[in-house]
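Have a look at the structure below before the remarks.
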2 protein chains.
Amino acid sequence: MAQKIKLSTIAETLGLSTATVSLALRDSPLVAGATRDKIKEQARALGYIYNRRAASLRTSRSGIIGVVVHDIMNPFYAEILKSIESELDRSRQTFILSNHYDSVEKQRTFIETLLQLGGDGVIMSPAIGTPPEDIRLAEDNNMPAILIARSVEGLDVPIFRGDDSYGISLATNHLISLGHTCIAMVGGTDQTSTGRDRYQGYVNALRRANIEVDPELRIPGPRSKLGGFEAAVTFLSLPQKPTAAVCWNDLVAIGMMNGIARAGLVPGRDVSVTGYDDLEEASIATPALTTVANGQTEVGRNAARALLDKLSGSHEPDGIHLIKPEMRIRQSTGPVKQR
Amino acid sequence: MAQKIKLSTIAETLGLSTATVSLALRDSPLVAGATRDKIKEQARALGYIYNRRAASLRTSRSGIIGVVVHDIMNPFYAEILKSIESELDRSRQTFILSNHYDSVEKQRTFIETLLQLGGDGVIMSPAIGTPPEDIRLAEDNNMPAILIARSVEGLDVPIFRGDDSYGISLATNHLISLGHTCIAMVGGTDQTSTGRDRYQGYVNALRRANIEVDPELRIPGPRSKLGGFEAAVTFLSLPQKPTAAVCWNDLVAIGMMNGIARAGLVPGRDVSVTGYDDLEEASIATPALTTVANGQTEVGRNAARALLDKLSGSHEPDGIHLIKPEMRIRQSTGPVKQR
DNA sequence: GGGCATGCTCTAAAGGATTCGATAAACTGT
DNA sequence: ACAGTTTATCGAATCCTTTAGAGCATGCCC
């Protein structure tokens, strides 16, 4: 309040130059030990606050990293963010978070803001329909980007994600092995690479088992609990009377189980349901959800490390980094039972 | 990549001064319309990126607002954040988000980082045990703070929160009116103002109905789904055989309903359960959760507006701003039934 | 004692936008 | 035609830190 304390304030009170003070505070070996201690002590005493904007103006390094995903409230992204956070924390980077809600517009605004702030890099799960130029804008202005979860055509920035096609085929195979032959696929969209991959995994698994693929058994759209809840109605009224559902993710699966229960049926006994992601919540759902662990923690950690490596120039982690999903079998799936 | 475009680049290519360019880009009436258009056009053509750090060095306004809460993954905070976000968005402020996970240490680090970046203000739900000095640090360095959800003793910064004591008493009264007399309180902690207020609301409602308060009926601790899930076991083994539970929040209530179902009982019929917060999820839970709407949207919106007002100097929103909670009766509560 | 390291500190020039006060040009009214 | 406005633009200082490059002791060796 009183007076802004700056380097020169410290310098004057000690009869030194700002250069020395600046170096001392950053532990430069150029400054004598005794001087350094005196300076640090004085800085503390005066309540000095380092001015990063002034510093970064000079050094063109801001210590800011941007992270933008579809929706941070979605536990799938939240778990990724948590692991990014713990990775960045230890390297003293500040991170700025944003949702784009699949608005290309909002996403571009975020990238521009980040550029204005001098962001050092950005980790993003690109919005549906992201034009490659928007990401090149970042790269061209010296702000490297790393993608997570979704790819963008025509770009060669590093990307970290689970192997969606393989993961969904695991879930589908599991249902097939329980005797199910009429299996619906609930949720997701063809507009993202993830959506296409997951549907493909489902189709592949059915084909391999010589089960005919019926497009009517696909209920596209839902990606949230509410979506899954509502899709239960559609599912239960399908004329083919499917006995199982491969859901887009755990949220859809949990919502759908709630919808099924509301209709008086018992999920896991009357209808088998699989999720995807293995959120913390999956194991405490009723019944406990059979799902596919999608490696959120690895995705976040590896993406953050890759960016830090790139920034420190030690390593260029280009290309696609796939993480192998794993099956988690619980109580929401069981042997086939006619309705 | 090629060359950094700055104000002076634009100025030179047009034969103008940086002063004029700077003014034009900010739509100053001092600049002639034709000149302004020419400048803006050129800025776009060159791919000029506004350098906020340089600007804020001069103006000491960064356009950055910090938001720190216990855990952004918690849907209660997530809903607040969403409403803060939409409020700040329209005033072109960037916001930086952080969790403190109730670590005073982590919270202070965040405040310091924000000060270094020249944050204009901070909205926070203070960590348990936050010393008033930590918040004064912000205020003293010209970065106003607004509290949400929790208070800190010995401070007169504005605070926005629900009326917890009143809210919980609504839920408790509702159970009492259904005939319940042995009602447990599940979750929460005495270490936060919210925790103390909610317990007090529960106690008050019982006393008003002449029901004796049994401290053994309190199961403190849980604040998450998993916590509620585990607390169900404790609850069901209480010798007093309570017929209803007032839960700390919706997460605890939903977790607890899952735990109760896992034990073979039907929540809403065998045991009545109330939540708190009215998350989106409450209405699709099985059974749909009776809960108390806590006004997250208002809290977020009002807090954000208050901060913006304070920054623009138009208004000093000091003091406590309580939001009146409202009852939402659904299927998780019903008439008393002996177990 | 002269020549050279070595160790520590300082001077001054960036870095990019904003803004006060000055200036020049165009216009007003008489 | 001239003093007085108004309008549009500019010069230069300023915000605070970093960092070459210079400078000055001191100590050491031959």
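Throughout, a chain's letter reflects where its sequence line sits, starting with A, and its residues are numbered from 1.
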Give a yes/no answer on whether the side chain of [X] brings an N or O atom under 4.0 Å of OP1 or OP2 in [N].
| X | N | value |
| --- | --- | --- |
| A/S22 | D/dT18 | yes |
| B/R26 | C/dT18 | yes |
| A/S8 | D/dC16 | no |
| B/Y48 | C/dA17 | yes |

Just how far, in rounded Å, is [atom2] of [N] from [atom1] of [X]?
| X | N | atom1 | atom2 | value |
| --- | --- | --- | --- | --- |
| B/K6 | C/dG16 | NZ | P | 4 Å |
| B/I49 | C/dA17 | CD1 | P | 11 Å |
| B/L115 | D/dC16 | CG | P | 15 Å |
| B/E12 | C/dG16 | CD | C1' | 13 Å |
| B/I10 | C/dG16 | CD1 | C1' | 12 Å |
| B/R61 | C/dG16 | CZ | P | 25 Å |
| B/L23 | C/dC20 | CG | P | 10 Å |
| B/L30 | D/dC10 | CG | P | 13 Å |

[Y] versus [X], side-chain donor and acceptor atoms under 3.5 Å:
| X | Y | result |
| --- | --- | --- |
| A/R161 | A/S125 | no |
| B/T9 | B/Y48 | no |
| A/R150 | A/T194 | no |
| B/N99 | A/E85 | yes |
| B/S17 | B/T20 | yes |

Can you figure out which of [options] approaches the side chain of [X] most closely?
| X | options | value |
| --- | --- | --- |
| A/A54 | C/dT19, D/dC16, C/dA17 | D/dC16 |
| B/T20 | D/dT9, C/dT9, D/dC15 | D/dT9 |
| B/L7 | C/dA17, C/dT9, D/dT18 | C/dA17 |

**Q.** Residue closer to the 5' end of DNA chain D, B/T59 versus B/T35 (nearest nucleotide)
**A.**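 Result of the comparison: B/T35.
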Q. Which sits closer to the 5' end of DNA chain D, B/L57 or B/A19, going by the nucleotide each is nearest to?
A.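 Its nearest nucleotide being more 5', the pick is B/A19.
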Q: State whether the distance check finds a donor on one side and an acceptor on the other, under 3.5 Å, for side chain A/R58 versus base D/dT17.
A: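 No, the side chain and the base share no sub-3.5 Å donor-acceptor pair.
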Q | Touch class at under 4.0 angstrom, heavy-atom based, for B/V31 against every strand present | A |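 Sugar-phosphate, no base atom in range.
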Q: Report which part of the nucleic acid B/G15 touches: base, sugar-phosphate, or nothing (heavy-atom distance under 4.0 Å, all strands).
A: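 Answer is sugar-phosphate: B/G15 comes under 4.0 Å of backbone atoms only.
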Q: Decide side-chain contact (heavy atoms from CB on, under 4.5 Å) for A/I49 and A/I5; before the verdict, give the C-alpha distance in whole Å, the side-chain angles of both, and the deciding distance to 0.1 Å.
A: CA-CA 7 Å; A/I49 287 171; A/I5 310 296; over 6 Å; no
**Q.** A/R136/A/D156 ion pair, N-O < 4.0 Å
**A.**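 Result for this pair is no, no salt bridge flagged.
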Q. Hey, are A/D27 and A/K40 close enough for a salt bridge, meaning a charged N less than 4.0 Å from a carboxylate O?
A.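 Yes.
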Q) Axis-to-axis angle across the helix from C/dG1-D/dC30 to C/dT30-D/dA1, five pairs an end, to 10 degrees? A)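 Its terminal axes enclose an angle near 40°.
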